[in-house]
Protein chains: 2
Amino acid sequence: MSTESNLRQAIIDSATELFMKQGYTATSIKQIANAAGCKTSSMYYYFEGGKSDILGAVIQSLSFDMKHVFDDREFETLSDFLHYYAEIVSEIMPRMNRRISWLAPEFRKLSEKELAHIQNQFLDMHDSFEQRFKALMSDDAAANELAWIVTCAYLGYGNIFFTIQMRNREDYSLTDFGHSLARFLGASNA
Amino acid sequence: MSTESNLRQAIIDSATELFMKQGYTATSIKQIANAAGCKTSSMYYYFEGGKSDILGAVIQSLSFDMKHVFDDREFETLSDFLHYYAEIVSEIMPRMNRRISWLAPEFRKLSEKELAHIQNQFLDMHDSFEQRFKALMSDDAAANELAWIVTCAYLGYGNIFFTIQMRNREDYSLTDFGHSLARFLGASNA
DNA sequence: GTCTATAGTCCGATAGAC
DNA sequence: GTCTATCGGACTATAGAC
């Protein structure tokens, strides 16, 4: 079917998995080669720039697909949407967070293009909220602000409870968090 | 005055700075030694376990001191407190975020004790909010929820705008964010 | 306590056979 | 395209002089 290289994709997939587990610096090209089923020298055929070229390819392959999740749904109130979103995001975010948390210490090394690619994932999340909120609130500026609050709140939850692995207090699930948010912010629409 | 070792503290300080700049894995013990003004072999006198022992010492030295900032202030409403906090946190959080963001990919390597030490920093932030909110709201359970929302929201802002270095849209400052939060959540008290 | 010297390992990368 | 073989360098850690 496809004439695209299997090995190239195998390298990207293996590298993605290893970077998520160990971080970029802690992962050696030998580990990537082993996981991809080839020798380190073979990787230089597809990635002339070596390890950093692989990093670039991995970043370009990251995509979160936030928007399409509720493109076909309509909501009557802000509260309805936020409660519905609380359920949806509980499924999506753990994976999303796992995919990018290892990147934080590497930002200094990234090219403009790679950095912009990651940033756009966050902007997409904000814009996805903003578009919804504008349909449910009369004040466009307020919809923009609220979209930032919700984005920051959810990504902060991800930061604390996934990245930091904070589990030693009574459980406070992502779903619980979402519904709390809906309750407090939903009132602002009235 | 103090009979404590100067070199030991110099190693911790140098390591802290380098870890913040480059991350733990990317920092070599030679770099730490150079910055501390000694040789790598000397570090093994104070840190028998080598590099990972230094990491432990650095983590133990991290402290954010959130509470005392407004221990002597009283607020009449939730909104008053959140608006005041918006200003305070703008000064504190950039430094706080810089101090811990490099740690994220290292959590797998940490001991129970070191992990708990970091987690307690977040719990302290939440508890600091919760205590305030209980004095300003009638519902204790709601105060707890709101404290999580605010904590997650602020640490999410830090994640996005400091760690991710997202600056390519129109400015949305930490102070702006705080006041937006105060406006939306302050209404919940009425 | 701090040093010099060095052991031993792993790293990223390249040359060249097939 | 993928391999074997190998280079020079950087790394963590240790031994032992002072």
Side-chain angles (χ1 to χ4, degrees), chain A residues 1-61 102-103 105-111 114, chain B residues 1-59 61 102-103 105-106 108-111 114:
Chain A
M1 182 88 73
S2 131
T3 55
E4 290 296 328
S5 162
N6 289 333
L7 182 54
R8 191 191 140 88
Q9 193 54 50
I11 291 168
I12 293 175
D13 292 344
S14 302
T16 303
E17 210 163 326
L18 286 164
F19 291 165
M20 287 194 305
K21 274 187 201 149
Q22 312 172 344
Y24 172 76
T25 314
T27 300
S28 72
I29 60 169
K30 176 138 199 187
Q31 286 177 305
I32 299 171
N34 286 343
C38 70
K39 301 296 175 181
T40 62
S41 49
S42 302
M43 303 200 298
Y44 287 85
Y45 177 79
Y46 295 105
F47 304 96
E48 286 190 19
K51 195 180 175 184
S52 68
D53 267 20
I54 296 176
L55 173 62
V58 168
I59 288 170
Q60 289 302 319
S61 76
W102 60 272
L103 259 173
E106 316 301 338
F107 277 108
R108 286 162 206 278
K109 302 170 193 161
L110 301 185
S111 68
E114 289 159 356
Chain B
M1 182 91 69
S2 133
T3 55
E4 291 295 328
S5 161
N6 289 332
L7 183 53
R8 191 191 139 87
Q9 193 55 49
I11 290 168
I12 293 174
D13 292 343
S14 302
T16 304
E17 208 162 327
L18 286 164
F19 291 164
M20 287 195 305
K21 274 187 200 151
Q22 311 172 344
Y24 173 77
T25 315
T27 299
S28 71
I29 59 168
K30 176 139 198 185
Q31 285 177 305
I32 299 171
N34 286 343
C38 71
K39 301 296 175 180
T40 63
S41 49
S42 302
M43 303 201 297
Y44 286 84
Y45 177 79
Y46 295 104
F47 304 97
E48 286 190 18
K51 195 180 175 185
S52 68
D53 267 20
I54 297 177
L55 173 61
V58 167
I59 288 170
S61 77
W102 59 272
L103 260 175
E106 317 299 338
R108 288 162 205 278
K109 303 170 194 160
L110 301 186
S111 68
E114 289 158 357

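To find a chain, count down the sequence lines: A is the first, B the second, and so on, and within it residues start at 1.
In this structure, B:Gln31 contributes its side chain and B:Ser28 its backbone to a donor-acceptor pair below 3.5 Å. The main-chain N or O of B:Ile11 is never found under 3.5 Å from a side-chain atom of B:Ser14 such that the two would form a donor-acceptor pair.
Residue B:Leu110 holds its CG atom at 6.5 Å from CG of B:Leu103, rounded to the nearest 0.5 Å. In this structure, CE on B:Met43 lies 11.0 Å from NZ on B:Lys30, to the nearest 0.5 angstrom. Between the OH atom of B:Tyr45 and the SG atom of B:Cys38 there is a distance of 13.5 Å, given to the nearest 0.5 Å. Summarising the geometry, atom NZ belonging to B:Lys51 is positioned 12.5 Å from atom OG1 belonging to B:Thr40; distances are rounded to the nearest 0.5 Å. Between atom OG of residue B:Ser42 and atom CG of residue B:Leu7 there is a gap of 6.5 Å, rounded to the nearest 0.5 Å.
With B:Phe47 as the partner, the side chain to side chain contact (heavy atoms under 4.5 Å, CB included) test is satisfied by one option alone out of B:Leu55, B:Ile29, B:Asp53: B:Asp53.
Five base pairs at each end of the helix from C:dG1-D:dC18 to C:dC18-D:dG1 define two local axes, and these are offset by 0° (rounded to 10°).
If you walk DNA chain D from 5' to 3' and mark each nucleotide with an atom closer than 4.0 Å to a heavy atom of chain A, the marks span D:dG1 to D:dT4.
Within residues 10-37 of chain A, no residue approaches DNA chain D, by heavy-atom distance under 4.0 Å. A heavy atom lying under 4.0 Å from DNA chain D marks the following residues of residues 40-48 of chain B, by number: B:Ser41, B:Tyr44.
Remark: B:Ser111 pairs with B:Lys113, B:Glu114 by the side chain to side chain contact (heavy atoms under 4.5 Å, CB included) rule, at least two apart or across chains.
At the heavy-atom level, A:Lys51 lies under 4.0 Å from the strands shown only through sugar-phosphate atoms.
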Per-pair distances, 0.1 Å, donor-acceptor, side chain in residues 16-26 of chain A, under 3.5 Å, sequence neighbours excluded:
residue : atom : partner  : partner atom : Å
A:Thr16 : OG1  : A:Ile12  : O            : 2.7
A:Gln22 : OE1  : A:Thr27  : OG1          : 3.0
A:Tyr24 : OH   : A:Ser52  : N            : 3.4
A:Thr25 : OG1  : A:Lys109 : NZ           : 3.3

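Shown here for A:Gly50 and A:Tyr44, the closest heavy-atom pair between the two residues is CA-CE2, 3.6 Å.
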